Amino acid sequence: MTGEPWTRLLASATPIVGAPMAGGASTPALIRAVTAAGGFGFLPAGYKTTEALAADLAATDAPCGVNLFVPGPPEIDEATFREYARRIAAEGEPYGLDLAGAPLTHDDDHWSDKIDLLVRQPVPVVSFTFGLPDPAALAALRRAGTRTLVTVTSVAEALAARDLDVDGLIAQGTEAGGHSGVHDPRRPAAPTSTRPLVADVVAATGLPVLAAGGVAGPDDVRDLIEAGATAVVVGTLLLRTDESGANRTHRDALADPARTSTVVTRAFTGRPARGLRNTFIDRYEAAAPLGYPELHHLTRGLRAAAAAAGQPDRVHLWAGTGYRNARPGPAAAVVEALTAAL
């Protein structure tokens with residue numbers, strides 16, 4: 001399969017890409033398992049210190065990609081933040097958390113330090129989410145021999161990324177679990193399913209395109225490849241695997257027959273993200289402002305405490321629309337099943 005487009009871009013034997021699920025789900029063990037099965041895994045750099053990312057790279061001990069969150073400007077003022085913090089304050093009381101008094105925290109997720117690390121210790125591919133990286137960072141990574149990809153949710157975003165001379169794109173459809181990669185959540189494009197988005201982005205840019213969102217089985221992989229995708233990104237289907245770092249509360253919720261739908265919410269982090277519908281979303285979505293990463297920091301302790309206590313209605317249960325097909329077992333079995341029809 002050395003002549004296949006996914007092999008040329010990713011040096012992988014199959015077109016399956018393990019999604020960089022930040023927050024603990026995408027472990028070095030999961031990346032190793034996806035790679036050993038012929039896929040290509042991405043480590044998430046989001047929410048980690050530079051030292052933790054370096055440790056994960058060492059533990060992965062296999063060719064992999066790294067995903068970086070592109071930092072943006074502050075999006076929320078103190079008064080709006082404080083109003084939302086007071087509104088959700090009661091949710092933190094069972095865990096001894098003072099959400100009403102939480103500080104407004106904005107950071108750049110150690111952006112410069114992580115770029116410096118990846119220049120010193122190059123990986124085959126670096127992908128960017130939440131916007132366009134600065135040209136200096138792209139140039140430094142190129143000089144280190146790294147290929148670069150940008151996550152896009154519309155043709156307009158794809159064209160802007162192409163103009164930066166990146167090596168490829170990740171077309172993320174509305175069905176994808178976790179955070180939307182939309183570049184400006186205040187002015188998002190109309191939600192578009194992954195298959196037509198892939199076809200449109202390929203036609204508009206001529207670049208290699210990875211498809212992300214809505215993958216529930218091998219038929220979806222085949223359809224996305226036929227639509228023009230170079231490879232297919234899989235996240236939700238890996239959440240319950242043996243090598244996943246997803247917590248028990250999240251895993252159990254994915255299998256709970258009472259969880260009947262996913263929704264896009266900004267109630268937990270201040271940025272649109274798809275997850276299983278729960279009580280927290282129902283209570284606060286209408287009032288939730290945009291404000292990432294400020295709301296992420298506000299609710300982070302709450303979500304961790306609720307997950308540890310086995311209380312899923314206060315946890316961000318990120319999941320794509322194919323969550324019903326997530327199964328326990330080895331990650332290699334997921335990769336093998338998804339490529340069986342190719």
Side-chain angles (χ1 to χ4, degrees), residues 17-27 30-31 41-48 67 69 91 109 127 129-130 151 153 170 172-182 185 188 191 194 212-216 233-241 243-256 258-282 284-285 288 290 292-293 295-308 310-328 331 334:
V17 174
M21 296 178 285
S26 289
T27 62
L30 181 59
I31 278 69
F42 269 89
L43 273 174
Y47 312 136
K48 293 176 183 173
N67 176 254
F69 289 166
E91 304 292 342
D109 203 35
S127 66
T129 300
F130 298 162
T151 303
T153 62
I170 301 170
Q172 184 194 47
T174 189
E175 302 94 339
H179 281 111
S180 166
V182 63
T194 307
V215 179
V233 181
V234 179
T236 300
L237 294 186
L238 295 169
L239 282 173
R240 296 181 65 205
T241 60
E243 299 87 354
S244 166
N247 62 65
R248 175 52 54 189
T249 300
H250 194 174
R251 289 169 179 264
D252 290 348
L254 290 165
D256 184 352
R259 304 283 172 188
T260 58
S261 63
T262 64
V263 293
V264 175
T265 179
R266 58 191 185 192
F268 286 109
T269 68
R271 185 175 242 282
R274 183 176 293 280
L276 297 176
R277 182 177 179 181
N278 64 9
T279 303
F280 190 93
I281 295 171
D282 287 345
Y284 303 112
E285 177 61 25
L290 287 170
Y292 178 90
L295 264 62
H296 158 72
H297 291 300
L298 170 65
T299 67
R300 189 174 191 175
L302 167 66
R303 292 176 279 138
Q311 297 175 329
D313 278 302
R314 294 188 177 107
V315 179
H316 59 300
L317 304 170
W318 296 155
T321 56
Y323 72 98
R324 284 294 187 209
N325 286 358
R327 300 282 187 270
V334 175

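All figures in this text were calculated on a predicted structure; none of them were measured in a lab.
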Fill in the blank from the handout: Between S26 and A19 the two heavy atoms that sit nearest each other are OG-O, 2.8 Å
Practice task
Could you tell me which residues satisfy ring pair (Phe, Tyr, Trp, His ring centres under 6.0 Å) with Y323, sequence neighbours excluded, listed by chain and number?
Solution key: none
Practice task
Answer yes if the side chains of R277 and S261 hold a donor-acceptor pair under 3.5 Å, and no otherwise.
Solution key: no
Handout entry: Side chain proximity check, H179 to Y292, heavy atoms < 4.5 angstrom
Key = yes
Practice task
Measure across A307 and N247 and return the closest heavy-atom pair with its distance rounded to 0.1 Å.
Solution key: CB-ND2, 3.8 Å
Exercise for the section: Applying side-chain contact (heavy atoms from CB on, under 4.5 Å), run through N325 and L237 and close with a yes or a no. Expected result: CA-CA 6 Å; N325 286 358; L237 294 186; 3.8 Å; yes
Problem - Rounded distance (nearest 0.5 Å) linking atom CZ of R300 with atom OG1 of T269 - result: 12.0 Å
Practice task
Kindly indicate whether the side chain of T299, heavy atoms from C-beta on, has any atom under 4.5 Å from the side chain of H316.
Solution key: no
Completion exercise
Residues passing the ring pair (Phe, Tyr, Trp, His ring centres under 6.0 Å) test with Y284, sequence neighbours excluded, are F280
Handout entry: All side chain to side chain contact (heavy atoms under 4.5 Å, CB included) counterparts of R266, not counting sequence neighbours
Key = E285, A288, L290
Completion exercise
When every non-hydrogen atom of T249 is compared with those of A306, the smallest separation belongs to OG1-O, 4.5 Å
Practice task
Among L302, T279, D313, find the residue that satisfies the side-chain contact (heavy atoms from CB on, under 4.5 Å) test when tested with E91.
Solution key: L302
Practice task
Give me the ring orientation class for H296 and Y47: parallel if the planes are under 30° apart, tilted from 30 to 60°, perpendicular past 60°.
Solution key: parallel
Handout entry: 4.5 Å side-chain heavy-atom contact, T174 and R274
Key = yes
Handout entry: Check against side-chain contact (heavy atoms from CB on, under 4.5 Å), S180 and V264
Key = CA-CA 9 Å; S180 166; V264 175; over 6 Å; no
Problem - Closest contact, heavy atoms only, T236 versus M21 - result: N-SD, 4.4 Å
Completion exercise
Closest non-hydrogen contact found for G173 with T194 is CA-OG1, 3.3 Å
